[in-house]
Amino acid sequence: MKLFRVLFLALLAGFLSVPPANAAAEGEDLDPIHHSADGYYLDFMPIGKVELPRLFLVRRADGSLGFDAYGSTASALHSHEYVPEAGHGAEDDAHGETADEGHGEEAGIEALIASGLHLDAHLVPADGGHVIIDFSVTRHLVFAILGALLVILIFTSLARRYARGIGRETAPKGVFQNLFETLVLFVRDEIARPNLGEKHYRKFLPYLLTAFFFILICNLLGLVPFGATATSNLMITAVLATTTFILTQVNGSKDHWMHVLWPPGVPTFVKPILIPVEIMGLFTKPIALAIRLFANLTAGHLVILSLIGLIFSFGKIFGPGVGYGVAPVSIAFSLFIYLLELLVSFIQAYIFTMLSALFIGMAVAEHDHHHDEAHDDHHHAALHPAEHAASAQPIIGNGAEQPQPVAVA
Amino acid sequence: MSITLAASLLNPNFGLVIWITIVFVLLLVVLRRFAWGPITKALEEREQTIDASIQRAEQALAEAKQIQADNEKARREAEQEAQRLLREAREEVERLRNDEVQKTRDQIQQMRTQAQAEIEREKQSALEELRTEVADLAIQAAEKILTENLDGDRQRKLVQGFIDDLPKN
């Protein structure tokens, strides 16, 4: 307990100290978006930045496919194979650049690298080809891999404990095992079982556990000093949501497709209206999953960074004294939001897993149609979405009242 | 020089999508094989063990209660049996004593009756003897008198009439 408290305070102190120092070192305004967004470097400011490898699948000017790998953005620029893409309304600069071939270009790149802006540049092949897929390693990828490795480390060592017989024949021992066993049992007994039913839950439990702990660890890594939140990247949450979507559709029962393509319990003339709604519903669920996780994790960080940014805004507008004066208030508020973020990390991991289980559960469930149709009107009247989302056995023929996942967040 | 900045929250990045897909699928496979399998299996085993233990304990408790109840019943029965035996023994003793007393009484009664009868008989025979003796004495006395006055036969008749007139007892 004491260890955790010390660790937590250390992390907190580190986290709170980093952004201002960072901004100060760079001599720029604190840009919350910039700090929350993905990037091709690890930010260890004020110590420094570590550039990540750049990998490009390109179609070269001559039409052939190629794969270029560089150790860093700077080395990609130094190779002269890649140049920063010129921005909009930058024709004057571009004109100047083309006029200043060779040595001038080299100097421009050096200046760009020295300014640190090269890391934010959009690189394009210098020979006129174009990048098909940019496989470059980003900060969020690094932290996603780190999170995945942590999850593997935690749970393989946990599995080894059980293999040794601790927790299998005896009671679980120690903080580590008890903590994670509680979470595993929570996912199994509170998420998988009620939503999927005794018959199906075993099949999907590995996915739900993986999603829960991957999201949780990624969320928490975002709260660590120098950390980044992989789950605050829409691409990453989209992949997670897509996995749920695929699992839902692949395992959909006959009733599930029947429900989508020919909704029972409604008059035939309503079906043409309902079917498109149902089909849209299939896609809104994973989209909502992805956006909810992304938005929640991004929002918290943006709020913290904005509160920290207030110090510099006030400092700039009213002078350094006011900036220092605002600092305690800002820090107190960011501390509050930080704690909220800690809660949100758990809640969002839970909600993502819960809704995944619910969606899969709705798809795999087989219904007694006669029963459902007989009571359909009653269900329409009696169930509102919250109850619907909470019910372990969702009722078919109820498309218009699908749980609206956004509302849960 | 102005450049397009890559840092944006909603920047699509298909390379990242592919990377994350690989990472996540690998994570899923590795965890499924090396973590969730053993962990959930161990947890289920433990739960079954606990369930079985609870059931066994409940069974044992029920058995113990049954045995206790049986013992209690047996003890009560034994107690009742002992009391019954004791009561029976007492009754037996009482009965035997009463019988004995009765028998003794009967014997005494019988002995008394016998003695009375004996006494009666002795008395009767004594009276008979006495009567005979008296008659003889009277005759002798009368003979002595009548030898003086009468003859023997007439005197004897007189005496016999006298004796017959005597009360029998």
Side-chain angles (χ1 to χ4, degrees), chain A residues 33-34 36-40 55 57 84-90 93 96-97 108 112 117 120-122 133-138 140-141 144-145 148 151-152 155-156 158-160 162-163 167-169 181 184-185 188 202 205-207 209-210 214 230 232-236 238-240 243 298, chain B residues 1-70:
Chain A
I33 302 280
H34 186 254
S36 300
D38 210 353
Y40 299 108
L55 313 165
L57 181 66
E85 189 182 39
H88 305 292
D93 287 328
E97 211 175 310
L112 188 66
L117 284 173
D120 299 327
H122 188 211
I133 300 174
D134 184 353
F135 279 109
S136 300
V137 178
T138 68
H140 286 161
L141 177 61
I145 293 171
V151 173
I152 289 173
F155 288 99
T156 49
L158 191 66
R160 272 202 298 278
Y162 284 108
R168 196 178 58 203
E169 288 133 24
E181 191 192 292
V184 170
L185 286 177
R188 194 191 69 179
R202 274 196 182 79
L205 189 58
Y207 168 67
L209 285 166
T210 307
F214 180 63
S232 71
N233 189 308
L234 191 56
M235 299 300 117
I236 293 174
V239 169
L240 294 171
T243 319
T298 308
Chain B
M1 121 187 199
S2 168
I3 51 170
T4 304
L5 294 182
S8 159
L9 287 178
L10 297 170
N11 211 23
N13 185 345
F14 295 108
L16 182 61
V17 168
I18 291 164
W19 277 122
I20 291 294
T21 309
I22 295 167
V23 169
F24 190 66
V25 168
L26 277 178
L27 178 70
L28 201 57
V29 169
V30 168
L31 285 180
R32 196 190 162 96
R33 171 77 184 75
F34 295 106
W36 306 135
I39 290 173
T40 48
K41 212 173 127 234
L43 290 176
E44 272 169 17
E45 265 177 36
R46 194 179 73 197
E47 277 158 11
Q48 280 165 2
T49 312
I50 291 170
D51 280 352
S53 302
I54 289 171
Q55 267 180 358
R56 272 206 308 275
E58 273 171 0
Q59 271 177 2
L61 191 65
E63 271 173 26
K65 273 185 179 161
Q66 186 60 43
I67 288 168
Q68 201 186 18
D70 287 352

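Values in this document were obtained by computation on a predicted structure and should not be read as measured data. Reckoned from all heavy atoms, side chains included, excluding hydrogens, waters and symmetry mates.
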About how many Å separate CG of L27(B) and CZ of F214(A), when rounded to the nearest 0.5 Å?
6.5 Å
Chain A heavy atoms under 4.5 Å from I18(B): which part of the residue, side chain, backbone, both or neither?
side chain
How close do T243(A) and V239(A) get, counting heavy atoms only, and between which atoms?
OG1-O, 2.7 Å
Heavy-atom contact with chain B under 4.5 Å, split by part of A148(A)
both
Distance in Å, E58(B) CD paired with K65(B) NZ, rounded so as to fall on 0.5 Å steps:
9.5 Å
Answer with side chain, backbone, both or neither: which region of S36(A) has an atom nearer than 4.5 Å to a non-hydrogen atom of chain B?
both
Pick whichever of R188(A), H140(A), R160(A), E169(A) has the most heavy-atom pairs under 4.5 Å with chain B.
R188(A)
Heavy atoms only, distances under 4.5 angstrom: which of I236(A), I133(A), L55(A) has the most pairs with chain B? Name it, please.
I236(A)
Whether the E181(A) and Y162(A) side chains hold a donor-acceptor pair (N or O, under 3.5 Å, no angle test) is what I'd like checked.
yes
I'd like to check M235(A) versus D38(A) (side-chain heavy atoms, cut-off strictly below 4.5 Å). Are they in contact?
no
Give the member of A144(A), P206(A), S136(A) that has the highest number of heavy-atom pairs under 4.5 Å with chain B.
P206(A)
Could you tell me whether the side chains of Q66(B) and D70(B) share a donor-acceptor contact shorter than 3.5 Å?
yes
Neighbour count above 12 (heavy atom, 6.0 Å) for W36(B) CH2
yes
Proximity breakdown for L57(A) and chain B, heavy-atom pairs closer than 4.5 Å
neither
Under 4.5 Å, counting heavy-atom pairs only, tell me which of L209(A), T138(A), V184(A) racks up the most with chain B.
L209(A)
Given heavy-atom pairs under 4.5 angstrom as the criterion, report whether the side chain, backbone, both or neither of V23(B) touches chain A.
side chain
For a quick test of reading the model, state the closest non-hydrogen atom pair linking D134(A) to N13(B) and the distance between them.
O-OD1, 3.6 Å
For chain B, which of A159(A), G39(A), S232(A) has the most heavy-atom pairs under 4.5 Å?
A159(A)
Does any heavy atom of chain A fall under 4.5 Å from the side chain of L28(B), the backbone, both, or neither of them?
both
For R202(A), is it the side chain, the backbone, both or neither that has a heavy atom under 4.5 Å from a heavy atom of chain B?
side chain
